[in-house]
Amino acid sequence: MGLSNMRSPSIQRALLVLAFLAHACNGFYLPGSYMHTYSKQDEIYAKVNSLTSIETELPFSYYSLPYCKPRGGIKKSAENLGELLMGDQIDNSPYRFRMNTNETIYLCTTSPLNENEVKLLKQRTRDLYQVNMILDNLPAMRYAQQNGVNIQWTGFPVGYTPPNSNDDYIINHLKFKVLIHEYEGSGVEIIGTGEEGMGVISEADKKKASGFEIVGFEVFPCSVKHDPEAMLKLHMYDNISAISCPGELEKSQIIREQERVSFTYEVEFVKSETRWPSRWDAYLRMEGARVHWFSILNSLMVITFLAGIVFVIFLRTVRRDLTKYEELDKEAQAQMNEELSGWKLVVGDVFREPECSKLLCVMVGDGVQITGMAVVTIVFAAFGFMSPASRGMLLTGMIILYLFLGISAGYVGVRMWRTLKGTSEGWRSVSWSVACFFPGIAFAILTVLNFILWANNSTGAIPISLYFVLFALWFCVSVPLTLLGGFLGTRAEPISFPVRTNQIPREIPARKYPSWLLVLGAGTLPFGTLFIELFFILSSIWLGRFYYVFGFLLIVLLLLVIVCAEVSVVLTYMHLCVEDWRWWWKAFFASGSVALYVFLYSINYLVFDLQSLSGPVSAVLYLGYSLLMAVAIMLSTGTIGFLMSFYFVHYLFSSVKID
C-alpha cells in the first residue's frame with residue numbers, strides 16, 4: 001500500500017511534465033518534414049526537380065529548356081548527399097499559388113524559338129521526358145487513362161507527339177488541383193499516424209495553428225495555342241480568363257522555329273478530409289499485396305525444404321556417427337579411423353588454409369559491412385524512419401551507416417586473418433584492403449558512368465566538389481575506422497581450431513562432375529526467395545515509382561539470410577562427405593552465386609520490361625549500376641553463407657576426438 005502511495009506522486013509529476021511539454025510546443029513530426037499551416041491568401045511557390053525519362057535515364061535541369069524563370073532569378077535548394085547522388089536538382093520556379101484562391105494566371109511568353117531550342121524540345125518530347133514539380137514537399141501527381149484503367153504518375157510530360165505525325169506539341173498550360181484540409185486549433189489533439197509520423201498540436205496559439213494544410217497536389221497538363229500579340233501585353237501573374245484545353249491539334253501549341261510560346265496555368269483549391277499525416281497515402285497505395293505474400297510463401301516453402309535437409313544431416317547422420325564413434329574404446333577407435341569414410345576422413349585437412357586467404361578475409365569483412373548496412377537501413381525504413389517526404393534520406397542513411405560500420409569490417413577481416421595464419425603479422429595490409437576493396441570497385445564503376453553523364457550534360461553527373469567530399473569521407477572516416485576495427489581484431493582471441501592440420505594435404509578423389517557446377521546451381525534457391533521483390537525494386541529505381549513496402553522487404557531479407565545459411569551448410573556437408581576439404585571458397589560462393597542470377601535477371605528486365613530504354617548510353621548506365629548491385633549482393637550473401645558454414649564445420653569437428 002505504501003509503495004502505491006509513493007508511486008502516485010511520481011506518476012502525477014510525469015503526467016504534468018508531459019502536459020506542460022505538449023502545451024509548450026506547437027507540434028512535432030517524425031520523420032517527415034514539419035507541417036506547414038497556411039492562412040488564406042498566403043503565397044506558396046512550387047519547386048521544380050530535374051527532368052527525368054524512363055527511356056534514357058539521363059536527368060537534365062528543368063531550365064535547360066526555354067521555360068519561364070522566376071523574377072528573382074534561379075535559386076537552387078539545399079540538397080543532401082543522397083539527392084545529389086541521385087541526380088536531383090531542385091530549383092525554385094515562377095509558379096505561385098495563393099492559399100484557397102482559385103485563379104487563372106499568365107506567366108510569360110518566350111522569345112521566338114531558335115533552331116537549337118526547337119531541336120532540344122523535340123528531342124525531350126520524343127524521349128518522353130517528365131517535368132517534376134513539388135508543392136509543400138508533395139510531388140505533382142497526374143492521373144491518366146490507359147486501356148480503360150486509371151493510372152497515376154508523378155510529373156507531367158514536356159510535350160507529346162500525336163500518332164502518325166511528325167509534329168510535336170509543347171505542354172504550356174497546367175491545371176492544378178490543390179487539396180487542402182482546413183484545421184482549426186481546439187486544444188491538444190493527436191493527429192494520428194501516417195507516412196510522416198505523429199503530430200501533436202498545442203492550444204498555446206490557436207490562431208497560429210488554425211488555417212489550411214496542403215494534403216494533395218494534382219496536375220492536368222494540356223497544350224494551348226495562345227495569341228502571342230495579346231499575351232505580350234500582359235505581365236507575369238496577371239489574371240486572365242479561364243482556358244479550356246482544346247481537343248483539336250490546330251488549337252494546340254506546335255514546336256517549330258520562330259514560334260512564341262506563352263505559358264499559363266490555373267489553380268483550384270479543393271477541401272479534403274485527408275489529414276496531413278496521411279497525405280502520402282495517395283502516392284503509396286499498395287497494389288499487388290498478394291504478389292508480395294506469394295513471394296514470402298514461396299520463400300517459406302524453400303526454407304522448410306532446406307531446413308528438413310539440415311535437420312536430417314544433424315540429427316540422423318552426424319549425431320548417429322558421432323554417438324557410435326564415442327561409444328567405442330580407444331583400440332576400436334583406432335581401427336575405425338582406418339575404416340572411416342566421408343567427412344570424418346578429412347579431419348586432418350578441413351582447417352587447412354585456403355588459397356587466396358587474404359582475399360577471402362577481405363571479402364568477408366566487406367560482406368559484414370554491407371550486410372550490416374542493409375539490415376539496419378531496412379529495419380529503420382520498415383519502422384517508418386525514412387519517409388518518402390525526405391528525398392535522398394534513404395541513400396544518405398546507407399552511406400553514413402556504411403562508413404561507420406567500417407569498424408566491424410576491419411575487426412572481422414583481421415580476426416579471420418589471425419585465425420587462418422595464427423599470427424597478427426600483416427593485419428595493416430588486410431585492414432587497408434578491406435577499406436579499399438568494395439569502395440574501390442564502386443568508385444571505378446561510378447567514375448566510368450560519371451564520365452558518360454558528363455559527356456551528355458546530365459544533372460545525374462556527380463560534381464567534382466562532391467567527388468572530393470566522397471573521397472574525404474572514404475579516407476578520413478571509413479579507412480581510419482576500418483584500421484581501428486583491424487587493431488581491435490588483433491587484440492581479440494583468434495578462433496582455435498578443434499583438430500590439428502596434417503603437414504601433407506590429403507588427395508581429393510576425382511569426381512564425375514565439377515564441384516563448381518553444384519556451387520553455381522545452389523544460387524538458384526536464394527534467388528527464388530528474392531526475385532519477385534527484385535522486380536518491385538528495379539521498377540522503383542528505373543521506372544520512377546515509389547518503393548514503400550519495406551515491411552515486406554524486411555521479411556524477405558530475413559528469409560534470404562536463412563536460405564543462404566542453409567544452402568551453404570548443406571553444400572559444405574556434401575563436399576566434406578565426398579572427401580573434398582577445400583570448402584572455404586565453395587561455402588562463400590554457394591550462397592554468393594545468387595548475385596550471378598540477380599545480374600542475369602537485371603539483363604532480362606532490361607530486355608523485356610525496359611523496352612522503352614533507348615540508346616547505348618542508357619543501356620551502359622543500367623548495366624553499370626546493376627553490376628555494382630550484383631557485387632554488393634555477392635559479398636553480402638557470400639559472407640552470410642561462409643560464416644554459417646564456418647560455424648557448422650567448427651561445431652562438427654569439435655565433437656570428434658582424434659589423437
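Values in this document were obtained by computation on a predicted structure and should not be read as measured data.
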[atom1]/[X] to [atom2]/[Y] distance, rounded to the nearest 0.5 angstrom?
X      : Y      : atom1 : atom2 : result
Leu623 : Ser618 : CG    : OG    : 10.5 Å
Cys361 : Leu420 : SG    : CG    : 5.0 Å
Leu628 : Leu449 : CG    : CG    : 8.5 Å
Tyr411 : Thr482 : OH    : OG1   : 15.0 Å
Ile452 : Leu58  : CD1   : CG    : 9.0 Å
Gln369 : Leu403 : CD    : CG    : 8.0 Å

Check: [X] side chain, [Y] main-chain N or O, donor-acceptor pair, under 3.5 Å:
X      : Y      : value
His575 : Leu571 : yes
Thr52  : Pro59  : no
Ser636 : Ala632 : no
Ser429 : Gly426 : no
Ser568 : Ala590 : no
Tyr622 : Ser602 : yes
Thr371 : Val368 : no
Trp584 : Glu355 : no
Ser53  : Asp127 : yes
Trp427 : Phe487 : no

Worksheet item: Between Ser424 and Thr490, do the side chains contain an N or O donor and an N or O acceptor separated by less than 3.5 Å?
Response: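 The criterion, which ignores hydrogens and geometry beyond distance, is not satisfied for Thr490 and Ser424.
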Assign the ring pair [X] / [Y] to parallel, tilted or perpendicular, where the plane angle (0 to 90°) is split at 30° and 60°.
X      : Y      : value
Phe588 : Trp585 : perpendicular
Tyr573 : Phe648 : perpendicular
Phe443 : Phe471 : tilted
Trp454 : Tyr467 : tilted

Looking at every heavy atom in both [X] and [Y], which two are closest together, and how far apart are they?
X      : Y      : value
Val434 : Asp366 : O-OD1, 2.8 Å
Phe653 : Val350 : CE1-CG2, 3.7 Å
Met373 : Leu401 : O-CD1, 4.0 Å
Phe642 : Val364 : CD2-CG2, 3.7 Å
Gly460 : Leu453 : O-CD1, 3.4 Å
Gly641 : Ser591 : CA-OG, 3.3 Å

Fill in: Test log, rule side-chain contact (heavy atoms from CB on, under 4.5 Å), inputs Phe497 and Thr419
CA-CA 8 Å; Phe497 295 138; Thr419 300; 3.7 Å; yes
Surrounding [atom1] of [X] (heavy atoms of other residues, nucleotides or ligands, distance under 6.0 Å), is the total greater than 12?
X      : atom1 : value
Trp474 : CH2   : yes
Glu425 : CD    : no
Phe451 : CZ    : no
Phe404 : CZ    : no

Heavy-atom check, side chain of [X] versus side chain of [Y], under 4.5 Å:
X      : Y      : answer
Phe527 : Ser593 : no
Met644 : Cys564 : no
Ile633 : Met629 : yes
Val567 : Pro526 : yes
Pro354 : Trp583 : no
Phe437 : Leu635 : yes
Leu553 : Ile537 : yes
Lys586 : Asp580 : yes

Worksheet entry | side-chain contact (heavy atoms from CB on, under 4.5 Å) assessment of Val649 paired with Leu576 | CA-CA 9 Å; Val649 173; Leu576 294 178; 4.1 Å; yes
Practice prompt. Check step by step if side-chain contact (heavy atoms from CB on, under 4.5 Å) holds for Tyr625 and Leu446.
Written response: CA-CA 8 Å; Tyr625 289 123; Leu446 291 176; 3.7 Å; yes
